[in-house]
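In what follows, chains carry the letters A, B, and so on, assigned in the order in which the sequence lines appear, proteins first and then strands, with residues in each chain numbered from 1.
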Protein chains: 2
Amino acid sequence: MKPIRLLIADDHPLIAEGIKNTFTSNAFIEVVSVVTNGEEAIDFLKKEVVDIALLDIEMPKMNGLACAKEILANYQPVKVIMLSMYQEASLIKELIEIGVKGYMLKTIAKDELILAIQKVHGGQEYFSSDVTKALLLNKNSEKVIQFNEKSKLLELLTKREIEIIGFIAEGLTNIQIGEKLFISPRTVDSHRTNLMKKLDLHNVAGLIRFAFQNGLS
Amino acid sequence: MKPIRLLIADDHPLIAEGIKNTFTSNAFIEVVSVVTNGEEAIDFLKKEVVDIALLDIEMPKMNGLACAKEILANYQPVKVIMLSMYQEASLIKELIEIGVKGYMLKTIAKDELILAIQKVHGGQEYFSSDVTKALLLNKNSEKVIQFNEKSKLLELLTKREIEIIGFIAEGLTNIQIGEKLFISPRTVDSHRTNLMKKLDLHNVAGLIRFAFQNGLS
DNA sequence: ATCCAATTAAGGGATTTCCCCTAGTCAATT
DNA sequence: AATTGACTAGGGGAAATCCCTTAATTGGAT
């Protein structure tokens with residue numbers, strides 16, 4: 001029986017190495033490459049055969065979600081398992097929709113990870129128990145789902161708007177922002193209004209939350 | 001020359017194993033134990049001799065900071081190196097004060113980790129370059145310093161005030177908060193005013209930043 | 001050349017925040 | 001018994017936001 005060819009993508013070398021070492025004593029799993037971002041993962045898939053891609057959610061350049069989409073769209077039959085630091089229930093929904101076969105936290109034991117890889121390779125799905133629990137718990141919480149929607153919304157914003165939402169998050173008033181940018185406070189108000197319309201928010205609080213969640217602050 | 005006796009504490013087995021495996025081929029460093037929280041680390045120190053404790057900041061039961069304090073107070077000459085997922089510049093100040101000898105991100109390469117352990121064991125300090133850069137950058141920015149001061153300020157706040165700052169951060173108006181808590185919007189306004197006075201802030205933005213930085217949101 | 005998005009600006013009014021003040025009740029501390 | 005701190009509530013007014021509207025200018029794209 002041929003070993004399962006595994007690609008690991010994680011921007012933390014220590015973690016990536018740790019995962020890799022988890023399989024050194026396992027004859028059924030072969031780690032064919034360890035990369036540190038989504039782009040490198042795609043580059044590798046262009047050249048080599050991989051059965052399963054184990055992707056970290058948070059990665060620079062191309063994150064796990066974008067990478068998973070790319071793989072599932074253009075590199076079938078490669079199967080994708082996501083790894084994350086946190087329970088991101090809202091993400092899981094999206095991941096399942098695009099065809100990800102597994103999602104687990106980095107808190108899992110290595111035995112469980114091996115089990116997950118074998119199940120997914122055998123055509124099954126595997127979501128670690130604490131993740132599925134989180135899914136159930138958060139079914140009715142819009143909080144995290146907003147986070148995702150907003151991330152896409154970020155692309156809707158203009159340079160000026162992003163600049164201004166940053167100042168708003170810093171606590172500056174329209175007048176102060178106007179002075180900083182040498183524009184009328186009424187203009188700042190316009191941008192503020194447009195921002196709220198685009199993001200479907202209705203007060204500073206929402207704007208600031210958005211800024212925080214999108215690293216604009 | 002005796003190898004450096006290293007204790008690893010990290011709640012993520014995968015990461016902990018990864019770190020441990022980093023040293024298997026290194027004759028100068030011996031991993032004497034891998035534990036998953038601060039309490040277990042202390043328990044181990046009661047029984048065995050350890051040169052350096054490598055602690056994750058985020059851990060259940062007893063976190064890295066509490067654990068470091070305990071070690072540096074009662075288990076000298078054990079030296080402490082902190083590991084973290086993020087640049088927590090504000091924490092670093094406190095860590096240095098209590099006597100931690102090193103701080104590094106989990107993004108570092110294993111070579112740098114080995115170097116750090118050897119330097120600290122030799123009596124030096126080691127803070128990875130990206131961490132010290134973050135420290136310098138933030139030296140004159142009140143942002144992070146506020147974070148420390150505010151953490152202490154947090155204790156100044158009453159239960160009701162913490163409750164209300166949370167709702168403010170969620171974007172609720174005084175009227176909405178009043179409805180939620182069955183109190184007059186004027187009372188909410190009072191709490192808001194008191195909050196701003198206590199925290200020396202002058203608008204929602206500041207309150208929300210405070211809420212975010214202190215996990216009140 | 002035309003269109004479109006981005007940026008600029010403002011009128012005007014409703015709503016909310018900001019911030020001073022006083023003041024009552026209640027529970028815990030001294 | 002007196003004090004203190006927390007929570008409650010409101011008067012009142014200045015300031016800022018919220019949010020609709022219209023509109024001029026500009027620079028890049030078709």
Side-chain angles (χ1 to χ4, degrees), chain A residues 142 146 149-214 216-217, chain B residues 142 146 149-214 216-217:
Chain A
E142 343 71 90
Q146 274 182 5
E149 285 170 359
K150 279 179 185 169
S151 297
K152 287 169 204 155
L153 287 175
L154 183 56
E155 294 160 22
L156 267 180
L157 305 187
T158 69
K159 257 196 331 196
R160 200 55 150 181
E161 284 166 351
I162 289 172
E163 204 175 358
I164 282 170
I165 201 175
F167 286 128
I168 292 172
E170 279 178 25
L172 303 188
T173 65
N174 288 341
I175 295 171
Q176 291 172 318
I177 296 171
E179 282 166 1
K180 274 219 170 202
L181 300 177
F182 304 106
I183 57 177
S184 159
R186 300 308 303 267
T187 307
V188 181
D189 191 31
S190 291
H191 288 304
R192 197 182 204 120
T193 303
N194 290 335
L195 274 166
M196 288 194 286
K197 202 184 286 178
K198 280 187 182 177
L199 303 175
D200 191 29
L201 301 169
H202 307 92
N203 53 36
V204 236
L207 287 179
I208 296 171
R209 292 172 65 85
F210 181 85
F212 265 79
Q213 291 175 329
N214 288 282
L216 266 35
S217 175
Chain B
E142 337 74 87
Q146 271 183 8
E149 286 168 1
K150 277 179 186 168
S151 297
K152 287 166 205 158
L153 286 174
L154 185 56
E155 294 160 22
L156 268 179
L157 304 187
T158 68
K159 258 196 330 197
R160 200 55 150 180
E161 284 165 350
I162 289 172
E163 204 176 357
I164 282 170
I165 200 175
F167 285 129
I168 292 172
E170 278 179 25
L172 302 188
T173 65
N174 288 341
I175 295 170
Q176 291 172 317
I177 297 170
E179 281 166 0
K180 275 221 166 196
L181 299 176
F182 304 106
I183 57 178
S184 158
R186 301 307 305 267
T187 307
V188 180
D189 192 30
S190 291
H191 288 304
R192 198 182 203 120
T193 303
N194 290 334
L195 274 166
M196 288 195 285
K197 204 185 284 177
K198 279 187 182 178
L199 304 175
D200 192 28
L201 300 170
H202 307 92
N203 51 36
V204 237
L207 286 178
I208 295 171
R209 293 170 66 85
F210 181 84
F212 264 80
Q213 291 175 330
N214 288 283
L216 266 36
S217 176

Whole-Å distance, Ile177(A) CD1 to dA9(C) C1', equals 16 Å

From CG of Asp200(A) across to P of dC19(D) the rounded distance in Å is 10 Å

Between CD of Glu179(B) and P of dA9(D) the distance, given in whole Å, is 13 Å

Looking only at dT7(C), dC18(C), dC7(D), the nucleotide nearest the Lys159(A) side chain is dT7(C)

Asn194(A) and Thr158(A): CA distance, side-chain angles, deciding distance, side-chain contact (heavy atoms from CB on, under 4.5 Å) verdict = CA-CA 10 Å; Asn194(A) 290 335; Thr158(A) 69; over 6 Å; no

In whole angstroms, the gap separating P of dC7(D) from CD of Glu161(B) amounts to 6 Å

Contacts satisfying side-chain hydrogen bond (donor to acceptor under 3.5 Å, both in side chains) that involve residues 180-192 of chain B (not counting sequence neighbours) are Asn174(B)-Arg192(B)

Heavy atoms of Leu157(A) and Lys198(A) approach each other most closely as CD2-CD, 3.9 Å

Think Thr173(B) has a side-chain N or O under 4.0 angstrom from the OP1 or OP2 of dT17(C)? no

Rounded to whole Å, CG of Leu201(B) lies from P of dC18(C) at a distance of 10 Å

d(Ile168(B) CD1, Ile208(A) CD1) to nearest 0.5 Å is 11.0 Å

Do the side chains of Asp200(B) and His202(B) get nearer than 4.5 Å, heavy atoms only? yes

**Item:** Test log, rule side-chain contact (heavy atoms from CB on, under 4.5 Å), inputs Leu181(B) and Val188(B)
**Value:** CA-CA 9 Å; Leu181(B) 299 176; Val188(B) 180; 5.5 Å; no

Determine: side-chain N/O of Asn174(A) to OP1/OP2 of dT17(D), distance under 4.0 Å, yes or no. yes

Ile168(B) atom CD1 is separated from dC18(C) atom C1', nearest whole Å, by 12 Å

Under a 4.0 Å heavy-atom cutoff, the residues of residues 182-196 of chain B touching DNA chain D are Ile183(B), Ser184(B), Arg186(B), Thr187(B), Ser190(B), His191(B)

In this structure, CG of Asn203(A) is separated from CG of Leu201(A) (nearest 0.5 Å) by 7.5 Å

note: Ile175(B), atom CD1; dA14(C), atom C1'; distance rounded to Å ~ 12 Å

His202(A) atom NE2 is separated from dT15(C) atom P, nearest whole Å, by 15 Å

